[in-house]
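Chain A is the first sequence line, chain B the second, and so forth, proteins listed ahead of strands; every chain is numbered from 1.
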2 protein chains.
Amino acid sequence: MEQIICTVDVVLLTLQDDSLKVALLKRTHAPYQGLLALPGGYIHQGEDSDARDAALRVLRDKANIHAPYLEQLATFTGQARDPRGWSISVSYYALVSAQVIEAAAHPDVHLVDVDRYQQLPFDHQHILNTAVQRLRSKSQYSSLPCYLAGDTFTLPQLQRVYEVLMGEAINKVSFRRKMTEMDMLEVAGGKPEAHGAHRPAQLYQLKPAFRQHLRLLERGF
Amino acid sequence: MEQIICTVDVVLLTLQDDSLKVALLKRTHAPYQGLLALPGGYIHQGEDSDARDAALRVLRDKANIHAPYLEQLATFTGQARDPRGWSISVSYYALVSAQVIEAAAHPDVHLVDVDRYQQLPFDHQHILNTAVQRLRSKSQYSSLPCYLAGDTFTLPQLQRVYEVLMGEAINKVSFRRKMTEMDMLEVAGGKPEAHGAHRPAQLYQLKPAFRQHLRLLERGF
DNA sequence: TTAATAGTGTCTGTTAGACAGTATGGG
DNA sequence: CCCATACTGTCTAACAGACACTATTAA
């Protein structure tokens, strides 16, 4: 009996032009060589102390992305999902701002709308769907969307991020009440930029205590 | 390089005497032979079509439990968690009523209070904590606790299940409003038993559509 | 001054919890 | 009848959303 194939896959998500995008890479090896797929790879026992380490390494090597918000999504397993044999994919999802992707400027990374139908190899469409569902679900009652908004952002920008993820308009007063209640933001030093003939918005950033950990709401938005 | 050790572990939870219990088994092989541990075992490529299948097999073979509510919890990985080498544990949690455990009557199964400190081998304490946290969290806004309540139950019994999991009293009127709103229960045929000199409660059961799938609440309890 | 977006004060409708009442069984 | 627990009607307090108002910038 051959040994089980142990891999990690990463669903790297970002927000661009008011829509949710996933980073895909052209596969350089068989099977499915040349097809767009989630960044992933074998776990390296020598190099990776655990699967999370492997996911971070994959993001570093294949997309030039360092230390994003990264969370385990689920593990996809079985005889059928990989033509090479019984396999395990410990899957993660990562959230970064569009600026981080642009700064990484990796030539092989393709950003594709998550709702656009693709012929993804393996069960990557299922993994992607699971990640998007998880993100949208957690956006209802947590600070998760903040990681898509960049280092500093205005409240109208952040509200727009939430609205795109939840797919519906949020009451402005309620949104700001929730943000105050969460007590998670602080005013950022930089001067807010003007974007036209009107009052510019205050810049905010996550308080240091919340850069790594989510804030949960008793009641959702 | 040796191959990665691929296993499943199951956190089998039940409610007994108003407290949450986990099913533990004495390990029959090294390492940690003789210690109480979560039921688990190697993935069998020939036998198991995926890891969920392996978890169901483990429950069947090691605890005589068939087709419980079973959900993937998380995957625990790394160099350090198993003395034999780099390992993967795809972990699941299962919920059953105390009657199901009693009916299984497996002599090796030990039910232990989840809050009682144990010296569990590997990272099983961490896996257990993660499962309990997940159950308690999901109990806030879903029908998950119903799977601990047995086939038929009264509303006061079900409320008690929720209260034990959430660790606080719930308003009776609100609880019943939520249950009505969820529209997930139907009156069960059997006559309610009298438990003293007072009015006996109506028996309910999950509607067939919800025997497998959770019902989520917009706002929690 | 005007236009446009940022941000806030306040009213109102909805929802959750408190409380007290009725219902129904056994003794 | 009494008691204990099941169940329900209704009042109140807390919360979310609507709306309108003020604030601040560039043109």
Separation of [X] atom [atom1] from [N] atom [atom2], in whole Å?
{"X": "L158(B)", "N": "dC7(D)", "atom1": "CG", "atom2": "P", "value": "12 Å"}
{"X": "R199(B)", "N": "dT5(D)", "atom1": "CZ", "atom2": "C1'", "value": "9 Å"}
{"X": "E218(B)", "N": "dT14(C)", "atom1": "CD", "atom2": "P", "value": "16 Å"}
{"X": "Q159(B)", "N": "dC7(D)", "atom1": "CD", "atom2": "P", "value": "11 Å"}
{"X": "L203(A)", "N": "dT5(C)", "atom1": "CG", "atom2": "P", "value": "18 Å"}
{"X": "Y204(A)", "N": "dA6(C)", "atom1": "OH", "atom2": "P", "value": "12 Å"}

Residue A201(A), side-chain atoms from C-beta onward, closest of dG7(C), dA16(D), dT5(D):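 Of dG7(C), dA16(D), dT5(D), dG7(C) is nearest to the side chain of A201(A).
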Residue Q202(A), side-chain atoms from C-beta onward, closest of dA27(D), dG25(C), dG7(C):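 Nucleotide nearest to Q202(A)'s side chain: dG7(C).
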Between CE of M179(B) and CD of Q159(B), what distance do you get to the nearest 0.5 Å?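 The distance works out to 8.5 Å.
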Scan residues 165-181 of chain B against DNA chain D and write down, sorted by residue number, each residue with any heavy atom closer than 4.0 Å; if none is found, say none.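 Output list: K172(B), V173(B), R176(B).
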Check ion pair R81(B)-D50(A) (N to O, under 4.0 angstrom):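 Answer for the salt bridge query: no.
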Could you work out, with ring-ring contact (aromatic ring centres under 6.0 Å, His included) as the rule, every residue matching Y162(B), not counting sequence neighbours?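 Y162(B) satisfies ring-ring contact (aromatic ring centres under 6.0 Å, His included) with F175(B), F221(B) only.
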